[in-house]
Amino acid sequence: MPTGLLGIEELSRGEVEAILHRARTFQPLQHQSYKKLDTLRGRMIVNLFFEASTRTRTSFEIAAKRLGADTVSITASGSSVSKGESLVDTLNTLAAMRPDAIVMRHAASGAPYFLAHHLAIPIVNAGDGTHEHPTQALLDALTILDHKPALEGLRVAIIGDIAHSRVARSNVHLLAKFGVDIVLCGPATLLPPELSAIATGVTLTNDIREAIEGADVIMMLRVQLERQHDPPLQAGEYFHFYGLRLDHMALAKPDAIVMHPGPINRGRELTSEVADFQQSVILNQVENGVAVRMAVLERVVGAHVEAARQKSGAVRESDKTERGMRTRSFGLGRDVLKS
Ligand code: CP
């Protein structure tokens with residue numbers, strides 16, 4: 001059974017709540033700086049990023065350090081993958097140095113799942129292709145809960161390049177566990193109809209105004225040009241139909257918040273006025289990334305250390321039993337020899 005955190009889909013609602021509850025204890029009070037803890041002192045976390053990242057990689061590193069762990073960060077260009085080494089060989093090489101967890105981002109959907117089935121070291125998925133980005137959905141949920149009393153009963157509009165978005169998928173899996181009314185919106189070419197079936201409470205629309213109508217949360221997504229062979233709309237056309245402008249906010253609930261996982265592209269996905277609007281919580285999301293990743297690392301490494309402790313305890317017990325059996329058989333042998 002793989003350990004670590006691979007996706008939101010396989011977590012129960014209780015597990016999500018437990019992570020969010022723990023993350024809340026790591027959120028610093030206003031104007032207060034983080035205190036360094038020693039929960040993971042002596043532990044080693046490897047950050048292995050095969051795709052670019054600012055927020056996720058930095059916040060995992062900060063989270064690990066704030067828990068007292070040591071960290072090593074490796075990027076694709078700085079690893080032997082650039083010399084032709086396979087992903088499996090790279091992971092086996094890192095695993096041989098016995099880190100306590102590997103945080104991994106990869107362009108191939110499912111890559112961390114495949115590796116987690118073959119390695120005893122816990123893997124934390126920091127984004128796999130178009131599949132999942134579990135810690136992003138957790139930090140998004142924490143941010144929503146900083147502004148709303150509960151997730152239940154909210155209407156959340158997720159707008160943009162849904163087809164290529166691991167952020168959208170992880171958020172849908174998480175929000176659906178809490179009965180959220182989820183509206184996915186984008187151009188038809190970036191909004192596969194099958195997405196309405198991935199969880200309960202999901203509806204699809206190609207009309208941004210319809211998506212925003214009555215929304216409590218508006219979550220904008222980046223257009224992932226690196227995953228599009230032939231972008232369906234020019235940048236200007238895309239912004240005209242799917243860019244969030246300040247006048248759209250009148251359609252949402254008066255206290256609606258605007259979110260974006262980043263990196264944001266001003267003038268493509270949203271205007272600067274919206275990005276810097278007082279109801280924009282984009283930098284709160286970034287801040288919550290550290291608290292959520294602290295909770296995730298503590299949980300994942302803690303579970304791994306506990307499992308190893310129990311295993312070594314069981315090995316010691318079986319050693320004792322085996323030694324006892326050997327002692328008894330020597331005794332029996334001596335007794336037999338004596339008689
Ligand atoms: N939201 C997110 O995953 O950002 P990065 O690509 O900068 O990590």
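Ligands are counted one by one from 1 in listed order, and the atoms in each one are counted from 1 as well. Side-chain atoms are counted along with the backbone in the values below, which use heavy atoms only and exclude waters and symmetry mates.
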Chemist: Provide, to 0.1 Å, the distance between atom 2 (C) of ligand 1 and the closest protein heavy atom, together with that atom's residue and name.
Modeler: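 Among all protein heavy atoms, the one nearest atom 2 (C) of ligand 1 is T56 OG1, 3.5 Å.
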Chemist: If you measure every N/O of R57 against every N/O of ligand 1, is any gap under 3.5 Å?
Modeler: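 Not met; the criterion fails.
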Chemist: Applying a strict 4.0 Å limit to heavy atoms, is G262 in contact with ligand 1?
Modeler: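 Judged by the 4.0 Å heavy-atom criterion, G262 does count as contacting ligand 1.
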Chemist: Just checking H117 against Y113, ring centres under 6.0 Å apart?
Modeler: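 H117 vs Y113: aromatic centres not under 6.0 Å.
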Chemist: Who's the nearest protein heavy-atom neighbour of atom 6 (O) of ligand 1, and how far?
Modeler: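 Scanning the protein heavy atoms, the shortest distance from atom 6 (O) of ligand 1 goes to R105 NH1, 2.9 Å.
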Chemist: Knowing that exactly one of L37, L40, V290, T39 qualifies, which makes a side-chain contact (heavy atoms from CB on, under 4.5 Å) with R66?
Modeler: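 So the option named by the test is V290.
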Chemist: At less than 4.0 angstrom from any non-hydrogen atom of T54, what atoms of ligand 1 do you find?
Modeler: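 Answer for ligand 1: 5 (P), 7 (O), 8 (O).
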Chemist: Distance to 0.1 Å, residue and atom name: give those for the protein heavy atom nearest to atom 4 (O) of ligand 1.
Modeler: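 So the nearest neighbour among protein heavy atoms is R55 NE, 3.1 Å.
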Chemist: Near R41 CZ, under 6.0 Å, is it more than 12 heavy atoms from other residues, nucleotides or ligands?
Modeler: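 Counting other residues, nucleotides and ligands, CZ of R41 stays at 12 neighbours or fewer.
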Chemist: Run through R105, E61, E51 and flag the one making a side-chain hydrogen bond (donor to acceptor under 3.5 Å, both in side chains) with T56.
Modeler: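 Result: among R105, E61, E51, R105 is the only option passing the side-chain hydrogen bond (donor to acceptor under 3.5 Å, both in side chains) with T56.
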Chemist: Do you see a donor-acceptor pair shorter than 3.5 Å between the side chains of D146 and N288?
Modeler: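 D146 vs N288: donor-acceptor pair found between side chains.
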Chemist: State if E51 counts as touching ligand 1 under the rule of any non-hydrogen atom under 4.0 Å.
Modeler: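 Under 4.0 Å: no for E51.
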Chemist: Tell me the closest heavy-atom pair linking A168 and S165, and the distance in Å.
Modeler: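 Where A168 meets S165 most closely, the heavy atoms are N-OG, 2.9 Å.
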Chemist: Evaluating non-hydrogen atoms only, which member of Q285, H133, Q136 is closest to atom 3 (O) of ligand 1?
Modeler: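 Result: the heavy atom closest to atom 3 (O) of ligand 1 is in H133.
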Chemist: Can you measure from CD (E287) to OG (S59) and round to the nearest 0.5 angstrom?
Modeler: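 Answer for the CD-OG pair, E287 versus S59, is 11.5 Å.
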Chemist: Below the 3.5 angstrom mark, is there an N/O of P261, backbone or side chain, next to an N/O of ligand 1?
Modeler: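 Yes, at least one N or O pair falls under 3.5 Å.
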